[in-house]
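To keep things clear, I will list the structure first and then write my remarks on it.
Proteins come first, then strands; the chains are lettered A, B, ... in the order of their sequence lines, and each starts at number 1.
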Protein chains: 2
Amino acid sequence: MFTLAEENYLKNIYHLQTENSEGVSTNLIAESLQTKPSSVTDMVKKLAAKNMLLHKPYKGVSLTEKGKKVASNIIRKHRLWEVFLVEKLNFQWDEVHEIAEQLEHIQSDELIKRMDAFLDFPDFDPHGDPIPDENGNIKVTEKKLLSELKKNQRGVIVGVKESGSDFLKFLDKRKINIGTKIKVLGKEFFDGSMIIQVRNEQFFISKKIAKNLFIQISEHV
Amino acid sequence: MFTLAEENYLKNIYHLQTENSEGVSTNLIAESLQTKPSSVTDMVKKLAAKNMLLHKPYKGVSLTEKGKKVASNIIRKHRLWEVFLVEKLNFQWDEVHEIAEQLEHIQSDELIKRMDAFLDFPDFDPHGDPIPDENGNIKVTEKKLLSELKKNQRGVIVGVKESGSDFLKFLDKRKINIGTKIKVLGKEFFDGSMIIQVRNEQFFISKKIAKNLFIQISEHV
DNA sequence: AAATTATTTTAGTTTAGTCTAAAAAAATAA
DNA sequence: TTATTTTTTTAGACTAAACTAAAATAATTT
């Protein structure tokens with residue numbers, strides 16, 4: 001149905017669209033896909049002809065409903081595969097992206113259906129990003145940055161903002177993962193640092209780290 | 001390292017080479033890959049330039065050691081994925097080929113290493129075909145056709161000769177799989193049919209079926 | 001051994017996806 | 001509002017992998 005290049009364009013445009021709200025520019029797509037704006041123009045024409053997106057020349061592009069569905073399905077596959085790699089094959093969560101980048105293009109609805117069941121229908125990938133369902137719907141949770149929490153608030157780590165390899169390793173060393181429960185023990189005003197409790201241990205968390213962790217706040221405590 | 005097309009050529013040539021012993025002809029490759037002989041000539045030149053095979057124009061081609069290694073690694077991946085699909089995702093063994101055909105091209109040595117361990121280092125795929133190791137070595141077992149067995153001989157089904165969908169469904173209906181133990185209870189001379197015992201049941205097996213099942217004969221019985 | 005047939009290669013096109021360089025349009029500054 | 005800069009598109013060319021049609025070579029038959 002779609003070539004590899006087409007799928008990658010759709011996926012990237014989808015991401016850019018959710019980040020930028022307005023119509024996505026040719027230059028932005030080119031940058032995100034590591035290619036040239038002229039190449040983008042060509043591909044955008046092709047995808048517009050397939051009714052995957054609307055293209056007003058010199059204005060931006062925006063995905064059609066069809067286009068969004070195709071794109072979110074690729075993202076669904078990517079994130080399900082990431083769960084598989086971490087949960088079943090014991091990869092670290094910072095090692096799985098490249099491989100999922102390939103696996104997301106495998107074409108088989110049945111495979112994804114069974115993989116989803118095999119993984120017990122996860123809602124989030126190992127980085128805390130939501131996994132769209134078959135219709136492209138995403139489970140939204142109200143998440144705050146750790147830095148916004150107050151003393152004595154509790155919650156569960158549900159995601160990271162920017163997942164650089166160094167950062168992921170920092171967390172991994174301390175066995176801090178998606179799903180890890182935390183409690184804020186104290187906060188310093190002068191540098192924004194925090195002390196948090198994780199299991200039986202206490203960790204010092206710099207402002208930089210605290211601004212990079214998404215927390216789902218526990219309601220009843 | 002290799003394009004998808006290159007990998008498919010190498011894999012097919014490998015199979016043709018083991019089946020035909022002599023140098024593999026352009027026409028044969030074309031037929032096996034559902035393409036035209038002229039296209040094969042082009043690709044063969046490319047692969048010869050990459051030292052994957054030897055090509056004497058108008059004579060056949062033969063894979064180099066390097067080429068064999070690359071090819072057997074693709075086959076290794078294909079068969080490991082088939083095991084995964086059947087053992088972990090509960091696919092029927094006649095449903096997995098198409099999907100494995102895609103998955104065999106995923107590039108990640110680490111992934112395959114972990115998948116191998118996850119599957120507990122299988123030696124055979126769900127069709128009974130041997131899974132090459134990392135060096136391309138294959139575990140050879142002495143297998144006979146069911147039709148060659150004598151009365152009262154026992155063995156384990158280790159493979160099928162030609163795996164048409166109808167045939168696989170026939171077996172599946174009777175819960176006859178790779179690994180199923182059988183015993184020959186009787187043989188009819190006039191039509192070559194057999195009665196075999198499988199678990200507590202007895203099955204009538206026509207000559208056609210008996211000539212399509214590979215059996216590893218049990219030594220101590 | 002010459003003629004015929006089959007196989008393989010060459011030559012020239014085609015398509016998808018990319019590129020560079022130049023032109024066109026829009027946005028911004030003077 | 002005109003000039004300048006930025007962004008986007010067009011035009012033309014390239015590569016990988018396929019194709020068709022024709023030429024070249026090898027194999028087979030008479």
*asked:* What is the separation between atom CD1 on B/Ile29 and atom P on D/dA18, rounded to the nearest whole Å?
replied: 13 Å

*Ignoring backbone atoms, establish whether B/His55 has a side-chain N or O less than 4.0 Å from OP1 or OP2 of C/dT9.*
yes

_On the nucleotide D/dT8, are OP1 or OP2 found under 4.0 Å from the side-chain N or O atoms that A/Asn27 carries?_
yes

*Is a donor on one side and an acceptor on the other found under 3.5 Å between the side chain of B/Lys187 and the backbone of B/Leu149?*
yes

*Over 60° means perpendicular and under 30° means parallel, so classify the ring planes of A/His78 and A/His97, tilted if in between.*
tilted

*Do B/Ser32 and B/Asn12 have a side chain donor and acceptor closer than 3.5 Å?*
yes

_Gap between atoms CG and P, on B/Leu33 and D/dA18 respectively (whole Å)_ = 8 Å

_Backbone of A/Pro37 reached by a side-chain donor or acceptor of A/Thr41 within 3.5 Å_ = yes

*For B/Trp93 and B/Asn177, does a side-chain donor sit closer than 3.5 Å to a side-chain acceptor?*
no

*State whether a side-chain donor-acceptor pair under 3.5 Å links B/Ser193 with B/Asp191.*
yes

_By nearest atom, which of the nucleotides D/dT10, D/dT9, C/dT8 is closest to the A/Lys45 side chain?_
D/dT10

*asked:* Looking at B/Arg114 and A/Asn90, would you say the former's side chain and the latter's main chain have a donor-acceptor pair under 3.5 Å?
replied: yes

_Can you tell me how the ring of B/Phe84 sits relative to the ring of A/Phe118, calling it parallel under 30°, perpendicular over 60° and tilted otherwise?_
perpendicular

_Pair assignment for DNA chain D - dot-bracket with | for other-strand partners, Watson-Crick or G-U under 3.5 Å_ = ||||||||||||||||||||||||||||||

*For nucleotides 18-27 of chain C, read 5' to 3', which letter fits each nucleotide if B means a protein heavy atom sits under 4.0 Å from the base, S means only the sugar-phosphate is that close, and - means neither?*
BBB---BSS-

